[in-house]
2 protein chains.
Amino acid sequence: MAEGPSIFPNLPRVAAVKQDALPYEPVCAIFRRYLHGSKLKFTPERAMILDAVLRQKGLFEAEKLLSELDRLGHRASRATTYRTLSHLQDAGILKQVFFDNKQSYYEVIAGRQAYDYLICVATGRVIEFSSEKVRKLREEICREHGYSPLSHQFHIFGLSPEAAAEQARERPSGEESNAQKK
Amino acid sequence: MAEGPSIFPNLPRVAAVKQDALPYEPVCAIFRRYLHGSKLKFTPERAMILDAVLRQKGLFEAEKLLSELDRLGHRASRATTYRTLSHLQDAGILKQVFFDNKQSYYEVIAGRQAYDYLICVATGRVIEFSSEKVRKLREEICREHGYSPLSHQFHIFGLSPEAAAEQARERPSGEESNAQKK
DNA sequence: CTGATTGCAAACACTTTGCAGCAGA
DNA sequence: TCTGCTGCAAAGTGTTTGCAATCAG
């Protein structure tokens, strides 16, 4: 099960553009600093999980992390993994992303600009992009309301060129929307 | 349970800015047209649910809809409600929004611009806003990648003026992040 | 030493689904 | 009639939690 993420009811499968992995050391230092500051402990399990997280390229799900952890021979229970994922967010190393109501996705944000996503609803392909304009707009909107921005998520759903061509061929005047029939 | 939505691990409660409800007739016509076109039937249950949906002001959760349905004496099972919610999305009347991994939120989009959200992570208050600039930016980004935009979700997380002041008072040099301790 | 951490299994909560009887068109 | 629809209750599933043993600092 959970063989492939289903980012949206009708999205076949996610295939996020890969991003480079980050080196372990500097991020680990951030984590240890955070843990220390919160009177939490740096344990082997947490080190393993952080390591596995940093190996991820682009978006990933908890399930993927779990399976990779024990593929690498590292054993860390589901519970510990989820708990650590949460701490990594608090430490500002990870960002949780909500695309659908099935599961959460995660993305490493330590030392890099957070990404936004362009998702093809037909193929499930996800393009990660980073836009200065999005950040500017976010600032502007917050300012208008007197808010101080902390983070944001900008997800654009659409059709990739290939998918659009495909659909035009199949049903010249059809509807799209997010059909989720059985 | 589900007494109050928890839009984010540490968000106390959602209190979306209220939006005007839409009149039933025109939207119902859209729904019937959609149903007819898809060889689906217009049933009393679906009518009741659509009616309850249109009474919602701003964002709402399935749970809220359910409770209101039977408060109004309308009985529609959970199953039917969820199934109808799905059809309403296909009909372009409703949009599903993903803020957290707990539940889905919905918003009526028929005949209006979809909203984006500015969420205060301290108070849980949600401000709905509609920005032409966001739509323009979405077009632009899609164009760059050759995509055809269908929809988007732009969620900005931050601190409301009050919350920011509050936090500054409590911990002059503290961390924030999305703590989700127990 | 002492409080935080771990793994396990059970608990959770939202959502989906199988099924038998019902009912629009 | 012929499909599609409904309610119910059971199944699903990602995530969380209680607890006793263990371990980091």
Side-chain angles (χ1 to χ4, degrees), chain A residues 1-10 31-32 34-50 60-67 69-70 74-87 89-90 96-106 180-182, chain B residues 1-10 31-50 60-67 69-70 74-87 89-90 96-106 178 180-182:
Chain A
M1 68 333 0
E3 204 278 313
S6 63
I7 245 181
F8 222 34
N10 58 333
F31 194 31
R32 300 188 73 141
Y34 160 78
L35 290 173
H36 188 263
S38 303
K39 297 197 202 317
L40 300 178
K41 294 167 180 174
F42 183 72
T43 65
E45 287 80 6
R46 286 177 180 172
M48 287 174 184
I49 294 169
L50 173 57
F60 64 93
E61 318 88 59
E63 202 57 46
K64 178 154 174 257
L65 195 64
L66 260 328
S67 74
L69 272 169
D70 67 35
H74 298 157
R75 59 275 122 51
S77 67
R78 267 186 152 52
T80 297
T81 301
Y82 275 107
R83 287 187 278 232
T84 301
L85 244 17
S86 168
H87 284 132
Q89 286 181 74
D90 293 345
Q96 191 171 25
V97 182
F98 307 110
F99 277 129
D100 58 35
N101 63 2
K102 295 285 184 276
Q103 67 193 304
S104 292
Y105 294 80
Y106 299 87
Q180 59 188 104
K181 304 304 141 42
K182 151 247 276 54
Chain B
M1 68 326 5
E3 203 278 314
S6 64
I7 243 180
F8 221 34
N10 59 334
F31 194 31
R32 300 189 73 142
R33 201 172 310 132
Y34 160 78
L35 289 173
H36 188 262
S38 301
K39 297 198 202 315
L40 299 177
K41 295 168 182 174
F42 182 73
T43 65
E45 288 80 6
R46 287 175 180 174
M48 287 175 186
I49 294 169
L50 173 57
F60 64 94
E61 319 88 57
E63 202 57 46
K64 179 155 174 257
L65 195 63
L66 259 328
S67 72
L69 272 169
D70 67 35
H74 298 159
R75 58 275 121 52
S77 67
R78 266 185 153 51
T80 297
T81 301
Y82 274 106
R83 287 187 279 233
T84 301
L85 244 17
S86 168
H87 284 132
Q89 285 181 74
D90 293 344
Q96 192 171 24
V97 182
F98 308 111
F99 277 128
D100 58 36
N101 61 3
K102 294 285 184 278
Q103 66 193 306
S104 292
Y105 293 81
Y106 299 87
N178 44 356
Q180 58 188 105
K181 304 304 138 40
K182 154 252 275 46

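- Between the CG atom of L85(B) and the P atom of dT15(C) there is a distance of 9 Å, rounded to whole Å.
- At whole-Å resolution of the value, CZ in F31(B) and C1' in dG24(C) are 14 Å apart.
- Relative ring orientation between H87(B) and Y34(B) is described as tilted, the plane-to-plane angle lying within the 30° to 60° band.
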Summarise how protein sits on nucleotides 2-8 of chain C as a single string, 5' to 3': B when a protein heavy atom is under 4.0 Å from the base, S for sugar-phosphate-only contact, - for no contact. -BSSBBB

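- Taking atom CD of Q103(A) as the reference point, atom C1' of dG12(D) lies 14 Å away to the nearest angstrom.
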M48(A) vs R75(A), side-chain contact (heavy atoms from CB on, under 4.5 Å): CA-CA, chis, key distance, verdict: CA-CA 9 Å; M48(A) 287 174 184; R75(A) 59 275 122 51; 3.1 Å; yes

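- In this entry the distance linking CD of E61(B) with C1' of dA13(C) reads 13 Å, nearest Å.
- Protein atom CG of N101(B) is 18 Å distant from nucleotide atom P of dC12(C), rounded to whole Å.
- Note on R78(A) versus E63(A): salt bridge recorded, some NZ/NE/NH1/NH2 to OD/OE distance being below 4.0 Å.
- For Y82(A) and dT16(D), the shortest distance from a side-chain N or O to OP1 or OP2 is not below 4.0 Å.
- In this model, no donor atom of one side chain and acceptor atom of the other lie less than 3.5 Å apart for T80(A) and E45(A).
- Spacing between atom NZ of K102(A) and atom C1' of dG12(D) amounts to 10 Å, rounded to whole angstrom units.
- Atom CG in L66(A) sits about 14 Å away from atom C1' in dT16(D), given to the nearest Å.
- For the pair R46(A)/L40(A), a side-chain contact is recorded, criterion being any heavy-atom separation below 4.5 Å from C-beta on.
- Atom pair K64(B):NZ and dC14(C):C1' shows a separation of 18 Å (rounding to whole Å applied).
- Residues satisfying the salt bridge (charged side-chain N to carboxylate O under 4.0 Å, His left out) test with R33(B), not counting sequence neighbours, are none.
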